[in-house]
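The structure under discussion appears below in the form of structure tokens.
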Amino acid sequence: MLRIAVHGAAGRMGRRVVALAAGDPDFRVVAAIEHADHSDLGKDAGFLAGLSELDVPVASAWPDDIDVIVDFSLPEAVDGVIDSAVKANAALVMATTGLTSEQHDRLKQASEKIAIVWAPSMSLAVNLTMRMAQQVTAALKDVSGGVDVEIIERHHRFKEDAPSGTALKFGELIAAEFEREPGASAIKHVHGREGKTGMRTGNEIGYHAVRTGDNPGEHTIVFGMMGETIELKVAASNRDSYAAGALAAAKWLQDQPAGMYSMFDVLGMK
Ligand SMILES: NC(=O)c1ccc[n+]([C@@H]2O[C@H](COP(=O)([O-])OP(=O)(O)OC[C@H]3O[C@@H](n4cnc5c(N)ncnc54)[C@H](O)[C@@H]3O)[C@@H](O)[C@H]2O)c1
Ligand SMILES: O=C(O)C1=N[C@H](C(=O)O)CCC1
């Protein structure tokens with residue numbers, strides 16, 4: 001049984017991770033961590049997750065006996081949870097998005113000591129769609145008349161970063177396909193458009209962030225050509241696909257040496 005600590009445990013995602021972990025016989029929830037002045041400190045994590053009590057109070061201090069930490073917090077909390085994972089010699093599932101390049105560097109350094117999965121989306125369907133987007137790009141990148149790629153992401157009104165980490169990952173993977181050929185032009189990443197922008201160039205990817213209501217996450221990748229269009233769309237109807245993916249990553253990490261891994265590794269999508 002894996003001793004799991006949830007970082008950001010009172011959050012929208014943290015509560016779902018606690019709920020699913022509590023119902024999984026492979027896990028024992030040993031810690032529900034929040035920042036030191038959170039209003040839910042001391043409350044039972046099971047109660048916050050909509051369950052019966054787990055006898056795990058929300059706390060800001062880390063216990064010693066942790067096998068894996070699942071982080072769904074905020075960028076300002078990420079440096080601390082990396083340090084805590086290394087100190088506890090615990091595996092780390094890093095799901096928080098909006099990290100700085102310095103924080104990604106710190107994750108990489110920490111992966112020399114502990115096993116880490118970082119993914120902007122823990123969803124099976126999203127990671128499968130990423131692989132499909134790579135295949136479509138490879139097939140269309142030299143099409144007559146060219147192909148224009150635009151990424152539209154839709155999330156709930158409470159989301160604090162834009163575009164989504166998932167949209168950025170889609171763009172990174174698609175750009176890599178365009179840039180694979182020697183001498184290929186570097187792709188420009190264009191975030192929104194306004195004013196007299198001039199004609200769209202052939203070597204750019206556009207990103208558009210929609211924020212409405214309680215949308216748990218939706219990505220549409222548009223491949224626009226002269227005469228026809230392909231759209232790849234993947235949409236969550238609740239947050240459990242992300243929580244389940246994070247727990248799958250937590251289990252998978254237990255058999256891995258120190259290193260940096262992705263959901264492609266967890267899902268066996270080489
Ligand atoms: N990778 C994925 O599959 C995936 C899926 C959903 C959300 N996310 C990302 O997860 C993050 C959280 O999303 P959310 O909707 O749950 O947000 P949220 O605001 O509901 O939850 C974030 C939680 O982190 C806590 N927190 C902030 N600072 C902290 C600190 N210093 N120490 C401990 N806890 C702290 C907050 O109190 C809050 O409870 C976002 O970055 C989001 O983009 C990733
Ligand atoms: O709810 C969020 O915030 C989400 N963020 C992820 C991202 O930024 O890619 C995707 C899942 C939902």
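Keep in mind that the numbers below use all heavy atoms, side chains included, and drop hydrogens, waters and symmetry copies. Atoms within each ligand, like the ligands themselves, are counted from 1 in listed order.
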Give a yes/no verdict on whether any heavy atom in Ser121 is under 4.0 Å from an atom of ligand 2. no

Work out whether the distance between some heavy atom of His156 and some atom of ligand 2 is less than 4.0 Å. yes

May I ask you to decide whether Glu53 forms a salt bridge with Lys43, counting only side-chain N to carboxylate O separations under 4.0 Å? no

Counting from 1 in the order shown, the ligand 2 atoms closer than 4.0 Å to a non-hydrogen atom of Pro216 are 12 (C)

What is the closest protein heavy atom to atom 6 (C) of ligand 2, and at what distance does it sit? Pro120 O, 3.6 Å

Among Ile4, Leu54, Leu48, find the residue that satisfies the side chain to side chain contact (heavy atoms under 4.5 Å, CB included) test when tested with Val18. Leu54

Looking at His35, which atoms of ligand 1 are within less than 4.0 Å of one of its heavy atoms? 26 (N), 27 (C), 28 (N), 29 (C), 30 (C), 31 (N), 32 (N), 33 (C), 34 (N), 35 (C), 37 (O)

Applying the side chain to side chain contact (heavy atoms under 4.5 Å, CB included) test to Ile116, which of Leu92, Val93, Ile69 qualifies? Leu92

Under 6.0 Å from the six-membered ring centre of Tyr242 and within 45° of its axis: does the NZ or CZ of Arg16 meet both? no

Of all protein heavy atoms, the one nearest atom 11 (C) of ligand 1 is Ser73 O, 3.1 Å

Is the shortest distance from a heavy atom of Ala119 to ligand 1 less than 4.0 Å? yes

For atom 7 (C) of ligand 1, what's the nearest protein heavy atom and its distance? Met13 CG, 3.7 Å

What I want to find out is whether Arg15 reaches Asp40 closely enough, with some N-O distance under 4.0 Å, to be called a salt bridge. yes

Atoms of ligand 1 less than 4.0 Å from His38 heavy atoms? 37 (O)

Protein heavy-atom partner closest to atom 5 (C) of ligand 1 - residue, atom, separation in Å: Tyr242 CG, 3.5 Å

When you compare ligand 2 with Tyr242, is there at least one nitrogen or oxygen pair between them that comes in under 3.5 angstrom? no

Counting only heavy atoms, tell me which of His155, Lys159, His219 gets closest to atom 8 (O) of ligand 2. Lys159

Step through it carefully: locate the ring centre of Trp252, locate the ring centre of Tyr261, and say whether they are under 6.0 Å apart. yes

Is any N or O atom of Leu74, backbone or side chain, closer than 3.5 Å to an N or O atom of ligand 1? no

Looking just at side-chain N and O atoms, do Asp79 and Gln103 make a donor-acceptor pair shorter than 3.5 Å? yes

Measuring from atom 19 (O) of ligand 1, which candidate in Met122, His7, Arg12 has the nearest non-hydrogen atom? Arg12

Show which atoms of ligand 1 fall inside a sub-4.0 Å distance from at least one heavy-atom site of Ala10. 39 (O)

Looking only at side-chain N and O atoms, does Arg131 offer a donor or acceptor that is under 3.5 Å from a partner on Gln134? yes

Taking Leu173 as the starting point, is it possible to reach Met260 by hopping between hydrophobic residues whose side chains are less than 4.5 Å apart? no

Counting non-hydrogen protein atoms only, what is the nearest one to atom 2 (C) of ligand 1? Give residue, atom name and distance. Pro120 O, 3.2 Å

Contact check, Ser121 vs ligand 1, heavy-atom distance below 4.0 Å: yes

Using distance alone, determine whether Thr166 and ligand 2 share an N or O pair under 3.5 Å. yes

Close approach of Gly80 to ligand 1, heavy atoms, under 4.0 angstrom: no

Please confirm whether Ala95 comes within less than 3.5 Å of ligand 1 when only nitrogen or oxygen atoms on both sides are compared. yes

Give me the nearest non-hydrogen protein atom to atom 10 (O) of ligand 1 as residue plus atom name, then the distance to 0.1 Å. Phe72 CD2, 3.6 Å

What protein heavy atom sits nearest atom 29 (C) of ligand 1, and how far off is it? Ala77 CB, 3.4 Å

Taking the six-membered ring for Trp, are Tyr207 and His189 parallel (under 30°), tilted (30 to 60°) or perpendicular (over 60°)? tilted

Taking only non-hydrogen atoms of Lys159, do any sit less than 4.0 angstrom from ligand 1? yes

Asp214/Arg157 salt bridge by N-O under 4.0 Å criterion: no

Please check this pair: side chain of Asp44 against backbone of Val56, looking for a donor-acceptor N/O pair closer than 3.5 Å. yes

Under-4.0 Å heavy-atom contact with ligand 2, by part of Thr97 that carries it: side chain

Any sub-3.5 Å donor-acceptor pair from Glu34's side-chain atoms to Ala10's backbone N or O? yes

Under 3.5 Å, N or O to N or O, is Thr97 touching ligand 1 that way? yes

For ligand 1, which is the ligand I care about here, please tell me if Arg239 has any N or O atom under 3.5 Å from one of the ligand's N or O atoms. no

Quick one: does Gly14 get an N or O within less than 3.5 Å of an N or O on ligand 1? no

4.5 Å side-chain heavy-atom contact, Glu231 and Thr229: yes

When distances are taken from atom 39 (O) of ligand 1, the protein heavy atom at minimum range is Glu34 OE2, 2.6 Å

Is there at least one pair of N or O atoms, one from Gly11 and one from ligand 1, spaced under 3.5 Å apart? yes

Between Glu153 and His155, is any side-chain donor less than 3.5 angstrom from a side-chain acceptor? yes

Under 4.0 angstrom from ligand 2, any heavy atom of Gly165? yes

With the threshold set at 4.0 Å, does a side-chain nitrogen-carboxylate oxygen contact exist between Glu177 and Lys141? no

Short side-chain donor-acceptor distance under 3.5 Å, His208 and Glu150: yes

